Each structure stands twice: as structure tokens, then as C-alpha cells.
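Take a look at the structure below.
Just so you know, these numbers come straight off a predicted model, no measurement behind them.
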Amino acid sequence: MQQQRRTFLWLWLLWLAGFYSVWLYLVLGLGLWPEAKAHWPIAAAMAIGSYAAGSTPMGGGTVGFPVLVLLFEQPATLGRDFSFAVQAIGMTSASIFILARRQPVAWAMLNGAILGSLVGTPLGIWFIAPYIPGLWIKLIFAVVWASFGILHLYRINEIASHSGMTEFNEKWDFKVGCWIGLFSGATVASVTGVGIDMVLYTALVLLCRTDLKIAIPTSVIIMAFTSVLGVVVKNLTTGMQPGVFENWLAAAPVVALGAPLGAYIVALIGRKPTLFVVAFLCVLQFVWTIHSESAQLGITGIAVSVLAVALCLLGFERLRHWGGRLVESRSANTSSGTLPTHNKKTAPDKS
């Protein structure tokens, strides 16, 4: 009989006690309850967003950004900074929950991504994000998430069928993680407040053929780190957008529990149905964005946006093809005895 792994859920409960103590002090001790109450719609929206944050490779900003920007018609910069702020609580809470339960994580690639993000995210916040117009922020978000959603709509069966993870070499995995963290931290994460988790997840499932039970927890942790880093850097240097704190005050107590709850529930019902629904929403928000910004985009802008989605999908397919060749090459070398076996198998996830 396999011995059950020891868990440390008391650490997560200690984190929750600390967070809610601070939040209660803010809303009751400092009299900020009216501000939190006035922003209850974003709290309601983040009840769904936090579930997606803990159960999929898409941060809570995947819901928070379009709700604030498209539904509430707030500036895209507010949506970006709110994504950082709310994920700094929700994704951190989910990460502590994941680590306390000792769920498997792709450590070599994650450590590389953390190092890359530590450099790339501040650089992007200082030198790239301030020069991206609001419309471009919306389009970058819409294009990246739409391509990610379409990828899952037609590759979901293959992605959900992976078992274990093909580790080519720890140094190689670490280097790949560094480049992912550096590039995606400086670009998509610093501009939209989300996305580095999806890039790392995509590399894991397409390049390394990683089990969703490993890839998704890994993506949650890198987004938590990048979000906390983004909040710290912005507060110390450029500052957060007006309105972020009030929306955060309303949503934070929801996501602190919602994201870990998503990580737990999805293990019971399976990741495939959740990924399918979220993928559909990713495509829907692209259509919504194009429709709402059609006057500014015109025919040319709409065509370029659709082309950008197609190019992203082409990039995903090239990555998948490259991953297939690497896996085949590694399997051949392992069979000939020239390389040690690093392909770790775990029980298949419920799908």
C-alpha cells in the first residue's frame, strides 16, 4: 500500500488567519467597509475568477480584467493593476494551499521562470508597459487569451491525456524557464497583469508533455510570484492606478478562499470540463473586445487582430511539433542507454 504523503495545511490556515485579520482591520478598524461594499460587483465576478485562478493556468485577472475594462468600462491600466493586486492574494493563497498539500510541481522550470520574472517583470513595468496605449493593452489581452482558448478547444483531449512529465535535463528545463520568465514577465505580464502562467503552462504541456496535475499547480505558483512582484515594484516606483485599492478591498476576501477552493474542487470533478468552459470564455472575450472597439479598430484593425490570433496558434503548433521531436529523440536515447530516465509518471488526472 502506498504511504500517504504528509501535508501541512495548517500553514495555509495560518496564512488565511493572518490575511483576514489584516482585512478586518482595514474595513472595520479603519472604517473602509463602505468602500468595500460599494464595489461588491467585482467581488461577485471574482468568485468565478478565483475558481478559474486555482483550477486552470489562467489567473484571476482573466475574469477581473474583462469585467473591469469591458463590462464596467474602466481604463485598461486599472484592469492590469487590479489583476496584479487581486492575484497577489488569490494566487498566493492557492500556491500556499498547493505547497501545503505537497502537490507535484515542475520545480526546475518553475525556478528558472521565477528568476526570469524577477528580472523581466520590473523591466517591463518600467520600460514597456508605460508606452503601451490602452487600446493595445485590451487587444494584447484579447489576442493572447483567444489563442489560448482556441488551442484548448481543439487540443483538449491530447493535453488532458498527458501523464507525468518528460524532463530532458534539469539545466535545460531551468534555462527554458528563465527565458519564459524573462520574456513573458517583460511583455504580457507587465502589460496586462496576467499571462506568464499561461506561457509557462503552454511550454509544459506542449514541449514537455506534462500532466495537468503538474502543469497547472506550477503555473499558479509562477503567477503568484509575478503578481506579488508586480505589486511591490509598482507601489515602490510607478504607483498603482486610482481605484485599484477599492476594488481589491472588495475582491480580496473572496479570492483568498476561492482560488484554493478551485484547486481542490477541480481535483474531484476533473480539469477537462473546467478548461473547456474557460477556453470558451477566452474566445468570447475576444469577440466582445473586437465588437466594443470596432469603431477604433476598423476593418484593418479587426483583420490584424484575427491574424495575430492565427500567428499565436501557429506558434503553439510549432512548439508542439518541437516538443514531439524532443520527446522522440529523448526516448530513443533512453532506450539505447545513453541517458538516464527522468520521465516521472503519476496517476492520470480525472478528465
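Side-chain contact between Ser117 and Leu182: absent, with no pair of heavy atoms (C-beta onward) separated by less than 4.5 Å. The shortest side-chain heavy-atom distance between Pro66 and Leu71 does not fall under the 4.5 Å cut-off. Residues Gln285 and Phe141 form a side-chain contact, since some pair of their non-hydrogen atoms from C-beta on lies under 4.5 Å apart. For the pair Phe97 and Leu9, the minimum side-chain heavy-atom distance is below 4.5 Å. Taking 4.5 Å as the limit, some side-chain heavy atom of Leu257 sits within range of a side-chain heavy atom of Tyr20. By the 4.5 Å heavy-atom criterion applied to side chains, Arg101 and Phe8 are not counted as neighbours. With contacts defined as side-chain heavy-atom distances shorter than 4.5 Å, the pair Trp33/Leu249 does not qualify. In this structure the side chain of Leu99 never reaches within 4.5 angstrom of the side chain of Trp12, judged on heavy atoms.
No continuous path of ILVMFWY side-chain contacts below 4.5 Å connects Leu13 to Val254, so the two sit in separate hydrophobic clusters. The cluster map of Ile, Leu, Val, Met, Phe, Trp and Tyr, joined by side-chain heavy atoms under 4.5 Å apart, puts Leu313 and Ile302 in the same cluster. There is no path of hydrophobic side-chain contacts, each under 4.5 Å, that joins Leu281 to Val194. Cluster annotation: Phe127 and Val232 are assigned to distinct hydrophobic clusters (Ile/Leu/Val/Met/Phe/Trp/Tyr, side-chain heavy-atom contacts under 4.5 Å, transitive). Under a hydrophobic clustering in which Ile, Leu, Val, Met, Phe, Trp and Tyr are joined whenever their side-chain heavy atoms come within less than 4.5 Å, directly or via other members, Trp23 and Leu14 fall into different clusters.
To the nearest 0.5 Å, atoms CD1 (Ile156) and CG (Leu212) are separated by 7.0 Å. With rounding to the nearest 0.5 angstrom, the CD1 atom of Ile180 is 11.0 Å from the CG atom of Leu110. Atom CG of Leu314 is separated from atom CG of Leu319 by 11.5 Å, given to the nearest 0.5 angstrom. We find the CZ-CG distance between Arg209 and Leu326 to be 9.0 Å, quoted to the nearest 0.5 Å. Rounding to the nearest 0.5 Å gives a distance of 3.5 Å between CZ of Arg320 and CZ of Arg155. Interatomic distance, His39 NE2 to Phe245 CZ, rounded to the nearest 0.5 Å: 11.0 Å.
The main-chain N or O of Gly193 is found under 3.5 Å from a side-chain atom of Gln87 such that the two form a donor-acceptor pair. Panel note: side chain Ser147, backbone Val144; a donor-acceptor pair is recorded below 3.5 Å. Of the possible polar contacts, one joining the Ser292 side chain to the Thr289 backbone as a donor-acceptor pair under 3.5 Å is found. Side-chain atoms of Asp81 come within 3.5 Å of backbone N or O of Gln241 as a donor-acceptor pair. Here the side chain of Asn169 pairs a donor or acceptor atom with the backbone of Trp172 at under 3.5 angstrom. Ser190 places a side-chain N or O within donor-acceptor distance of the main-chain N or O of Thr187, the cut-off being under 3.5 Å. Of the possible donor and acceptor atoms, none in the side chain of Gln103 sits under 3.5 Å from a partner among the backbone N and O of Pro217. Side chain of Ser184 to backbone of Ile196: no donor-acceptor contact under 3.5 angstrom is found. Side-chain N or O atoms of Thr121 include none that pairs as donor or acceptor with a backbone N or O of Leu118 at under 3.5 Å.
Checked against the 6.0 Å centroid criterion, the rings of His152 and Tyr201 qualify as a close aromatic pair.
Checking each of Thr77, Ile125, Ile140 against Val191 for a side-chain contact (heavy atoms from CB on, under 4.5 Å) leaves exactly one that passes, namely Ile140. With Phe148 as reference, Thr202 is the one residue of Val278, Thr202, Val199 to meet the side-chain contact (heavy atoms from CB on, under 4.5 Å) rule.
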- Task: List the steps and the verdict of side chain to side chain contact (heavy atoms under 4.5 Å, CB included) for Phe174 and Leu115.
- Result: CA-CA 9 Å; Phe174 181 82; Leu115 179 60; 3.8 Å; yes
- Run the numbers on Lys234 and Arg80 for side chain to side chain contact (heavy atoms under 4.5 Å, CB included), then give the verdict. CA-CA 11 Å; Lys234 291 188 73 68; Arg80 174 192 61 211; 4.1 Å; yes
- Task: Dump the intermediate steps for side chain to side chain contact (heavy atoms under 4.5 Å, CB included) on Asn247 and Leu68, then the final yes or no.
- Result: CA-CA 9 Å; Asn247 283 287; Leu68 281 174; 3.9 Å; yes
- Stepwise, does the side chain to side chain contact (heavy atoms under 4.5 Å, CB included) test hold for Asp197 with Val220? CA-CA 6 Å; Asp197 47 349; Val220 169; over 6 Å; no
- Begin with the C-alpha distance, continue with both residues' side-chain angles, and end with the deciding distance and a verdict on side chain to side chain donor-acceptor pair (under 3.5 Å) for Thr238 and Trp126. CA-CA 8 Å; Thr238 63; Trp126 295 330; 5.9 Å; no
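More than 12 heavy atoms of other residues, nucleotides or ligands shown are found within 6.0 angstrom of CG on Leu236. Heavy atoms from other residues, nucleotides or ligands lying under 6.0 Å from OH of Tyr154 number more than 12. Counting heavy atoms of neighbouring residues, nucleotides and ligands inside a 6.0 Å radius, atom CZ of Phe183 does not exceed 12 of them. Within a 6.0 Å radius of OH in Tyr25, no more than 12 heavy atoms belonging to other residues, nucleotides or ligands are found.
Taking the six-membered ring for Trp and thresholds of 30 and 60 degrees, Trp248 and Phe19 have ring planes more than 60 degrees apart, a perpendicular arrangement.
Considering every non-hydrogen atom in both Ala189 and Thr226, the closest pair reads CB-CG2, 4.1 Å. Nearest heavy atom pair, residue Ala160 against residue Lys272, reads CB-CD, 4.4 Å. For the pair Thr210 and Leu204, the tightest heavy-atom approach, listed with the atom from each and the gap, is OG1-O, 2.8 Å. A pairwise comparison of heavy atoms in Ser305 and Val143 identifies O-CG2, 3.8 Å as the closest pair. Met46 approaches Ala251 most closely through the heavy-atom pair CG-CB, 3.9 Å. Between Thr192 and Phe65 the shortest heavy-atom distance is O-CD1, 3.9 Å.
Not counting sequence neighbours, the partners of Leu153 by the side-chain contact (heavy atoms from CB on, under 4.5 Å) test are Phe276, Ala279, Val283.
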